[in-house]
Amino acid sequence: DYTKKRSDNLFISPLSQSYKGEITAMKKTLFRDALGGIVIGLLLSVIFSYFFAPVYHPLNPYSAVGLWMEQHHIHGALVVLYCATIWCLIGLLFSLGKELFKKDWSILKATICHYGLMILGFIPLALLAGWFPSEPIFILQLILEFTVVYLILWAILSYLTKKKIEQINHHLNKQSK
């Protein structure tokens, strides 16, 4: 039994060693993006609290989640921990979204998958973060606005990418002559 375990470890170990660098890089990226989500969420909460509240609230106290936490007398430290968790998940969602464009997919497929991931991931997380009211009509309006902004950004980035590709091709054609 010991020899079998030892031989399995000898087979798996070199394989896992070859991916160790990639796994470490992935962990660092996920940690960085999660931390980035927390930092951005914290900064936004400070800015919005400064302009719209007499005291600091990491979560909109009038949102559905904020009202629930207030009604249940949730300690402020737990509210901050809750918000940091949501902000962390938003950072990880955006990190995952970036990865879709690194796959060997067409730009259209990557864009559609990215849009779906963002709309299905970001809106629920934003609602849990207390950023938007949870009324159905507002959620439909948010989806429409999100879609319009997404399409505008997609068109701008597609145009800029096309121009960059044309510039690179022009430069390569010039060098080959």
Side-chain angles (χ1 to χ4, degrees), residues 23-103 105-162 164:
I23 292 170
T24 302
M26 186 186 327
K27 286 179 185 177
K28 286 180 182 179
T29 299
L30 289 174
F31 180 77
R32 183 195 67 225
D33 292 341
L35 190 60
I38 292 170
V39 169
I40 291 170
L42 180 62
L43 287 173
L44 288 174
S45 74
V46 168
I47 291 167
F48 283 105
S49 282
Y50 180 78
F51 288 109
F52 300 111
V55 296
Y56 175 70
H57 292 285
L59 176 68
N60 181 350
Y62 303 108
S63 68
V65 177
L67 289 171
W68 184 90
M69 289 196 177
E70 187 176 313
Q71 289 171 353
H72 289 86
H73 306 289
I74 304 298
H75 191 279
L78 293 177
V79 174
V80 172
L81 181 62
Y82 168 82
C83 289
T85 302
I86 297 297
W87 301 332
C88 171
L89 292 174
I90 291 171
L92 291 173
L93 175 72
F94 288 158
S95 180
L96 181 60
K98 286 187 297 190
E99 293 300 314
L100 294 176
F101 289 101
K102 294 178 182 175
K103 292 188 170 288
W105 290 349
S106 70
I107 292 175
L108 179 63
K109 181 178 179 179
T111 301
I112 290 170
C113 290
H114 183 265
Y115 170 80
L117 178 67
M118 292 299 117
I119 201 96
L120 294 174
F122 179 72
I123 290 179
L125 288 172
L127 291 170
L128 288 172
W131 292 348
F132 305 112
S134 56
E135 290 93 32
I137 191 73
F138 186 84
I139 293 172
L140 289 174
Q141 182 182 355
L142 179 62
I143 291 170
L144 179 64
E145 290 173 8
F146 184 93
T147 302
V148 168
V149 169
Y150 193 93
L151 288 172
I152 290 169
L153 289 173
W154 180 80
I156 291 169
L157 291 173
S158 293
Y159 175 78
L160 293 174
T161 302
K162 181 181 176 187
K164 190 174 186 177

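Only heavy atoms go into these numbers, but all of them, side chains included; no hydrogens, no water, no symmetry mates. Keep in mind it's a predicted model, so treat the numbers as computed, not measured.
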Fit a plane to each ring of Phe122 and Phe94, take the angle between them on a 0 to 90° scale, and name the class: parallel (under 30°), tilted (30 to 60°) or perpendicular (over 60°).
-> parallel
Decide yes or no for [X] and [Y]: does some side-chain heavy atom of the first lie under 4.5 Å from some side-chain heavy atom of the second?
X	Y	result
Leu127	Ile139	yes
Ser45	Leu42	yes
Leu142	Trp131	no
Leu93	Leu89	no

[atom1]-[atom2] distance between [X] and [Y], expressed to the nearest 0.5 angstrom:
X	Y	atom1	atom2	value
Trp87	Leu125	CH2	CG	13.0 Å
Ile156	Thr161	CD1	OG1	11.5 Å
Ser134	Ile123	OG	CD1	13.0 Å
Leu117	Leu96	CG	CG	5.0 Å
His57	Met69	NE2	CE	13.5 Å
Leu151	Thr111	CG	OG1	10.0 Å

More than 12 heavy atoms of other groups within 6.0 Å of [X] [atom1]:
X	atom1	result
Phe138	CZ	yes
Ile107	CD1	no
Ile137	CD1	no
Phe101	CZ	yes
Glu99	CD	yes

Partner of Leu43 under side-chain contact (heavy atoms from CB on, under 4.5 Å), chosen from Val46, Val39, Ile40 |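 By the side-chain contact (heavy atoms from CB on, under 4.5 Å) criterion, Leu43 pairs with just one of Val46, Val39, Ile40: Val39.
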Spell out, as yes or no, whether a donor-acceptor pair under 3.5 Å connects the side chain of [X] to the backbone of [Y].
X	Y	value
His72	Trp68	yes
Ser95	Gly91	no
Tyr82	Leu128	yes

State, to 0.1 Å, how close Ala84 and Ile38 come at their nearest heavy-atom pair, and which atoms those are.
-> O-CG1, 3.4 Å
For Ala110 and Trp105, the nearest pair of non-hydrogen atoms, with its separation, is CA-CE3, 3.9 Å
Val148 vs Ile152, side chain to side chain contact (heavy atoms under 4.5 Å, CB included): CA-CA, chis, key distance, verdict = CA-CA 6 Å; Val148 168; Ile152 290 169; 3.9 Å; yes
State whether a side-chain donor-acceptor pair under 3.5 Å links Thr147 with Tyr115.
->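 Indeed, the side chains of Thr147 and Tyr115 share at least one donor-acceptor pair under 3.5 Å.
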